[in-house]
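Read the structure below first, then the notes.
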Amino acid sequence: MIIAIDGPAASGKGTLAKRIAAHFGLNHLDTGALYRAVARDLLSRGLKLDDVWAAVTAARVLDSRTLDDPALRGRTAGEAASIVAKIPEVRSALLKFQRDFAARPPGAVLDGRDIGTVICPQADVKIFVTAGPEERARRRSTELNAAGIAISFEEVLEQVIMRDKRDSEREIAPSKPAADADLLDTTHLGIDASFKAAVDLIAAKTGLAGRSSHVRRAH
Ligand code: DC
(Lines give C-alpha, C1' and ligand atoms only; values in the text may rest on other atoms or scores of the structure.)
Protein backbone atom coordinates (compact mmCIF):
# COMPACT_ATOMS: atom_id res chain seq x y z
CA MET A 1 0.00 0.00 0.00
CA ILE A 2 1.32 3.44 -0.92
CA ILE A 3 -0.20 6.61 0.48
CA ALA A 4 0.82 9.96 -1.00
CA ILE A 5 0.38 13.01 1.21
CA ASP A 6 1.20 16.25 -0.60
CA GLY A 7 0.64 19.85 0.34
CA PRO A 8 2.23 23.24 0.89
CA ALA A 9 4.62 24.29 3.67
CA ALA A 10 3.14 24.26 7.17
CA SER A 11 -0.07 22.56 6.05
CA GLY A 12 0.38 19.88 8.72
CA LYS A 13 1.06 17.14 6.17
CA GLY A 14 4.18 15.89 7.97
CA THR A 15 2.48 15.33 11.32
CA LEU A 16 -0.46 13.77 9.54
CA ALA A 17 1.72 11.44 7.44
CA LYS A 18 3.62 10.24 10.50
CA ARG A 19 0.42 9.42 12.38
CA ILE A 20 -1.14 7.70 9.37
CA ALA A 21 1.97 5.54 8.90
CA ALA A 22 1.93 4.50 12.57
CA HIS A 23 -1.82 3.81 12.44
CA PHE A 24 -1.62 1.55 9.38
CA GLY A 25 1.77 0.01 10.25
CA LEU A 26 3.51 1.48 7.18
CA ASN A 27 6.94 3.02 6.68
CA HIS A 28 7.10 6.81 6.54
CA LEU A 29 9.29 9.08 4.43
CA ASP A 30 9.35 12.85 4.81
CA THR A 31 10.62 13.64 1.31
CA GLY A 32 11.18 17.32 2.17
CA ALA A 33 14.03 16.09 4.39
CA LEU A 34 15.86 14.88 1.27
CA TYR A 35 15.88 18.37 -0.26
CA ARG A 36 16.67 19.91 3.11
CA ALA A 37 19.64 17.53 3.51
CA VAL A 38 20.99 18.36 0.05
CA ALA A 39 20.82 22.07 0.93
CA ARG A 40 22.47 21.41 4.31
CA ASP A 41 25.32 19.49 2.67
CA LEU A 42 25.95 22.33 0.21
CA LEU A 43 25.84 25.09 2.81
CA SER A 44 28.04 23.21 5.27
CA ARG A 45 30.71 23.03 2.58
CA GLY A 46 30.39 26.73 1.78
CA LEU A 47 28.80 26.03 -1.61
CA LYS A 48 26.02 27.96 -3.28
CA LEU A 49 22.47 26.60 -3.49
CA ASP A 50 22.28 27.33 -7.21
CA ASP A 51 25.54 25.53 -7.98
CA VAL A 52 23.89 22.85 -10.13
CA TRP A 53 26.89 20.51 -10.34
CA ALA A 54 27.53 20.63 -6.58
CA ALA A 55 23.82 20.21 -5.79
CA VAL A 56 23.47 17.18 -8.05
CA THR A 57 26.59 15.61 -6.57
CA ALA A 58 25.24 16.24 -3.05
CA ALA A 59 21.93 14.61 -4.04
CA ARG A 60 23.70 11.58 -5.55
CA VAL A 61 25.86 10.92 -2.50
CA LEU A 62 23.20 11.82 0.07
CA ASP A 63 23.45 9.67 3.19
CA SER A 64 19.87 8.75 4.07
CA ARG A 65 20.97 7.97 7.64
CA THR A 66 21.32 11.72 8.22
CA LEU A 67 17.68 12.55 7.49
CA ASP A 68 16.77 12.71 11.19
CA ASP A 69 19.29 15.52 11.74
CA PRO A 70 17.44 18.16 13.87
CA ALA A 71 19.27 20.88 11.91
CA LEU A 72 17.06 20.00 8.95
CA ARG A 73 13.92 21.17 10.71
CA GLY A 74 14.64 24.92 10.81
CA ARG A 75 13.20 27.66 8.64
CA THR A 76 16.46 28.37 6.86
CA ALA A 77 16.76 24.72 5.86
CA GLY A 78 13.22 24.82 4.44
CA GLU A 79 13.92 27.94 2.40
CA ALA A 80 17.22 26.52 1.16
CA ALA A 81 15.53 23.21 0.28
CA SER A 82 12.97 25.03 -1.81
CA ILE A 83 15.81 26.53 -3.87
CA VAL A 84 17.69 23.28 -4.59
CA ALA A 85 14.34 21.57 -5.28
CA LYS A 86 13.99 23.68 -8.43
CA ILE A 87 16.97 21.94 -10.04
CA PRO A 88 15.67 19.13 -12.31
CA GLU A 89 18.84 17.02 -11.97
CA VAL A 90 18.56 17.15 -8.16
CA ARG A 91 14.99 15.88 -8.39
CA SER A 92 15.94 13.02 -10.70
CA ALA A 93 18.88 12.07 -8.47
CA LEU A 94 16.44 11.68 -5.55
CA LEU A 95 13.74 9.85 -7.51
CA LYS A 96 15.02 6.27 -7.21
CA PHE A 97 15.53 6.50 -3.45
CA GLN A 98 11.91 7.61 -3.00
CA ARG A 99 10.47 4.96 -5.32
CA ASP A 100 12.54 2.18 -3.74
CA PHE A 101 11.38 3.34 -0.31
CA ALA A 102 7.74 3.27 -1.44
CA ALA A 103 8.12 -0.21 -2.94
CA ARG A 104 9.53 -1.78 0.24
CA PRO A 105 6.99 -4.01 2.08
CA PRO A 106 4.63 -3.50 3.77
CA GLY A 107 4.27 -0.16 1.95
CA ALA A 108 4.69 3.47 2.86
CA VAL A 109 3.30 6.89 3.48
CA LEU A 110 5.36 9.53 1.68
CA ASP A 111 4.79 13.22 2.24
CA GLY A 112 5.99 16.00 -0.03
CA ARG A 113 4.92 18.09 -3.00
CA ASP A 114 5.03 15.73 -5.99
CA ILE A 115 4.37 12.29 -4.51
CA GLY A 116 0.97 11.84 -6.14
CA THR A 117 1.97 13.49 -9.41
CA VAL A 118 5.53 12.28 -10.09
CA ILE A 119 7.05 9.94 -7.51
CA CYS A 120 4.15 7.52 -6.98
CA PRO A 121 1.44 8.25 -9.55
CA GLN A 122 0.13 4.72 -8.87
CA ALA A 123 -0.37 5.38 -5.12
CA ASP A 124 -3.42 3.68 -3.60
CA VAL A 125 -4.51 6.88 -1.90
CA LYS A 126 -3.51 10.48 -2.67
CA ILE A 127 -4.34 13.24 -0.25
CA PHE A 128 -3.51 16.90 -0.89
CA VAL A 129 -3.51 18.68 2.45
CA THR A 130 -4.32 22.37 2.26
CA ALA A 131 -4.88 25.22 4.70
CA GLY A 132 -5.15 28.94 4.02
CA PRO A 133 -1.82 30.83 4.08
CA GLU A 134 -2.88 32.91 7.10
CA GLU A 135 -3.72 29.80 9.09
CA ARG A 136 -0.42 28.13 8.11
CA ALA A 137 1.49 31.29 9.05
CA ARG A 138 -0.39 31.42 12.36
CA ARG A 139 0.56 27.81 13.15
CA ARG A 140 4.15 28.34 12.10
CA SER A 141 4.62 31.55 14.08
CA THR A 142 3.09 29.98 17.22
CA GLU A 143 5.54 27.08 16.80
CA LEU A 144 8.51 29.43 16.31
CA ASN A 145 7.56 31.73 19.17
CA ALA A 146 7.18 28.69 21.46
CA ALA A 147 10.72 27.67 20.47
CA GLY A 148 11.92 31.11 21.58
CA ILE A 149 12.30 32.57 18.08
CA ALA A 150 11.06 36.15 17.90
CA ILE A 151 9.37 36.61 14.54
CA SER A 152 6.20 38.44 13.63
CA PHE A 153 3.13 36.83 12.08
CA GLU A 154 3.50 39.18 9.09
CA GLU A 155 7.05 38.06 8.44
CA VAL A 156 6.09 34.37 8.64
CA LEU A 157 3.12 34.99 6.34
CA GLU A 158 5.38 36.64 3.78
CA GLN A 159 7.73 33.62 3.89
CA VAL A 160 4.85 31.15 3.56
CA ILE A 161 3.50 32.99 0.52
CA MET A 162 6.95 33.24 -1.07
CA ARG A 163 7.64 29.52 -0.57
CA ASP A 164 4.19 28.57 -1.98
CA LYS A 165 4.96 30.65 -5.03
CA ARG A 166 8.40 29.10 -5.58
CA ASP A 167 7.15 25.53 -5.04
CA SER A 168 4.02 25.83 -7.14
CA GLU A 169 5.39 27.91 -10.01
CA ARG A 170 8.62 26.00 -10.66
CA GLU A 171 8.86 24.28 -14.03
CA ILE A 172 9.63 20.82 -12.78
CA ALA A 173 7.24 18.82 -10.56
CA PRO A 174 5.39 21.89 -9.25
CA SER A 175 3.43 21.48 -6.05
CA LYS A 176 -0.15 20.71 -7.09
CA PRO A 177 -2.81 18.09 -6.39
CA ALA A 178 -2.79 15.06 -8.70
CA ALA A 179 -5.90 14.85 -10.88
CA ASP A 180 -7.10 11.90 -8.78
CA ALA A 181 -6.16 13.35 -5.37
CA ASP A 182 -8.60 14.15 -2.59
CA LEU A 183 -8.27 17.54 -0.93
CA LEU A 184 -8.19 17.76 2.82
CA ASP A 185 -8.63 21.36 3.93
CA THR A 186 -7.36 21.67 7.49
CA THR A 187 -7.91 25.44 7.83
CA HIS A 188 -10.62 24.84 10.40
CA LEU A 189 -9.52 21.42 11.61
CA GLY A 190 -7.24 20.51 14.48
CA ILE A 191 -4.69 17.73 14.08
CA ASP A 192 -6.97 15.07 15.60
CA ALA A 193 -9.88 15.94 13.31
CA SER A 194 -7.52 16.07 10.29
CA PHE A 195 -6.12 12.67 11.23
CA LYS A 196 -9.59 11.18 11.58
CA ALA A 197 -10.66 12.60 8.21
CA ALA A 198 -7.55 11.13 6.55
CA VAL A 199 -8.00 7.72 8.20
CA ASP A 200 -11.66 7.63 7.12
CA LEU A 201 -10.65 8.48 3.58
CA ILE A 202 -7.90 5.85 3.43
CA ALA A 203 -10.20 3.26 4.95
CA ALA A 204 -12.88 4.09 2.38
CA LYS A 205 -10.44 3.98 -0.55
CA THR A 206 -8.96 0.70 0.53
CA GLY A 207 -12.41 -0.79 1.11
CA LEU A 208 -12.56 -0.65 4.88
CA ALA A 209 -14.92 2.10 6.13
CA GLY A 210 -16.94 5.28 5.51
CA ARG A 211 -15.77 8.66 4.22
CA SER A 212 -15.32 11.90 6.08
CA SER A 213 -17.26 15.04 5.20
CA HIS A 214 -14.05 17.13 5.38
CA VAL A 215 -12.77 15.60 2.16
CA ARG A 216 -13.74 16.56 -1.37
CA ARG A 217 -12.42 15.62 -4.82
CA ALA A 218 -9.61 17.85 -6.08
CA HIS A 219 -10.98 18.03 -9.64
O1 DC B 1 7.93 19.82 3.12
P2 DC B 1 9.14 20.66 3.49
O3 DC B 1 8.81 22.02 4.02
O4 DC B 1 10.09 19.93 4.38
O5 DC B 1 9.93 20.87 2.09
C6 DC B 1 11.02 21.72 1.97
C7 DC B 1 11.17 22.13 0.51
O8 DC B 1 11.58 20.98 -0.26
C9 DC B 1 9.90 22.62 -0.14
O10 DC B 1 9.76 24.02 -0.02
C11 DC B 1 10.02 22.17 -1.57
C12 DC B 1 10.92 20.97 -1.52
N13 DC B 1 10.23 19.69 -1.72
C14 DC B 1 9.98 19.31 -3.00
O15 DC B 1 10.26 20.05 -3.93
N16 DC B 1 9.41 18.10 -3.25
C17 DC B 1 9.07 17.28 -2.25
N18 DC B 1 8.53 16.09 -2.53
C19 DC B 1 9.28 17.68 -0.91
C20 DC B 1 9.85 18.91 -0.66
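Start at 1 and go down the list; that is how both ligands and their atoms are numbered.
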Carboxylate-amine/guanidinium contact K13 D30, below 4.0 Å: no

Which protein non-hydrogen atom lies closest to atom 12 (C) of ligand 1, naming both residue and atom, and how far is it? A85 CB, 3.6 Å

I need the nearest protein heavy-atom contact for atom 20 (C) of ligand 1: residue, atom name and distance, please. G32 CA, 3.5 Å

Considering only the protein, which heavy-atom contact is closest to atom 19 (C) of ligand 1, and what is its distance? T31 OG1, 3.4 Å

Shortest reach to atom 2 (P) of ligand 1 by a heavy atom, considering only R36, R170, R166: R36

Check contact between R91 and ligand 1, using heavy atoms of the residue and a distance below 4.0 angstrom. yes

Atom pairs and distances, side-chain donor-acceptor, residues 50-57, under 3.5 Å, sequence neighbours left out:
residue : atom : partner : partner atom : Å
D51     : OD1  : W53     : N            : 3.4
D51     : OD1  : A54     : N            : 3.1
T57     : OG1  : W53     : O            : 2.8

Would you please name every residue forming a ring pair (Phe, Tyr, Trp, His ring centres under 6.0 Å) with F101, sequence neighbours left out? none

Taking NZ, NE, NH1 and NH2 as the nitrogens, is one of them in D100 or R104 under 4.0 Å from a carboxylate oxygen of the other? no

In the protein, which heavy atom is nearest to atom 7 (C) of ligand 1, and how far is it? A81 CB, 3.6 Å

Per-atom contacts, ligand 1 versus S82 - under 4.0 Å to a heavy atom: 7 (C), 10 (O)

Would you call D69 and R40 a salt bridge, taking side-chain N to carboxylate O under 4.0 Å as the test? yes

Taking only Lys NZ, Arg NE, NH1 and NH2, and the carboxylate oxygens of Asp or Glu, determine whether D164 and R136 approach each other closer than 4.0 Å. yes

Sub-3.5 Å donor-acceptor pair from the side chain of T31 to the main-chain atoms of D111, do we have one? yes

Contact (N/O only, under 3.5 Å) between Q98 and ligand 1: no

Is ligand 1 less than 4.0 angstrom away from at least one heavy atom of K13? yes

Specify the protein heavy atom at minimum distance from atom 6 (C) of ligand 1: its residue, its atom name, and the distance to 0.1 Å. R163 NH1, 3.6 Å

Main-chain N/O of T130 paired with T186 side-chain donor or acceptor, under 3.5 Å: yes

Nearest-contact summary for atom 17 (C) of ligand 1 - protein heavy atom, Å: R113 N, 3.4 Å

Protein contact to atom 13 (N) of ligand 1 [nearest heavy atom, distance to 0.1 Å]: Y35 CD1, 3.7 Å

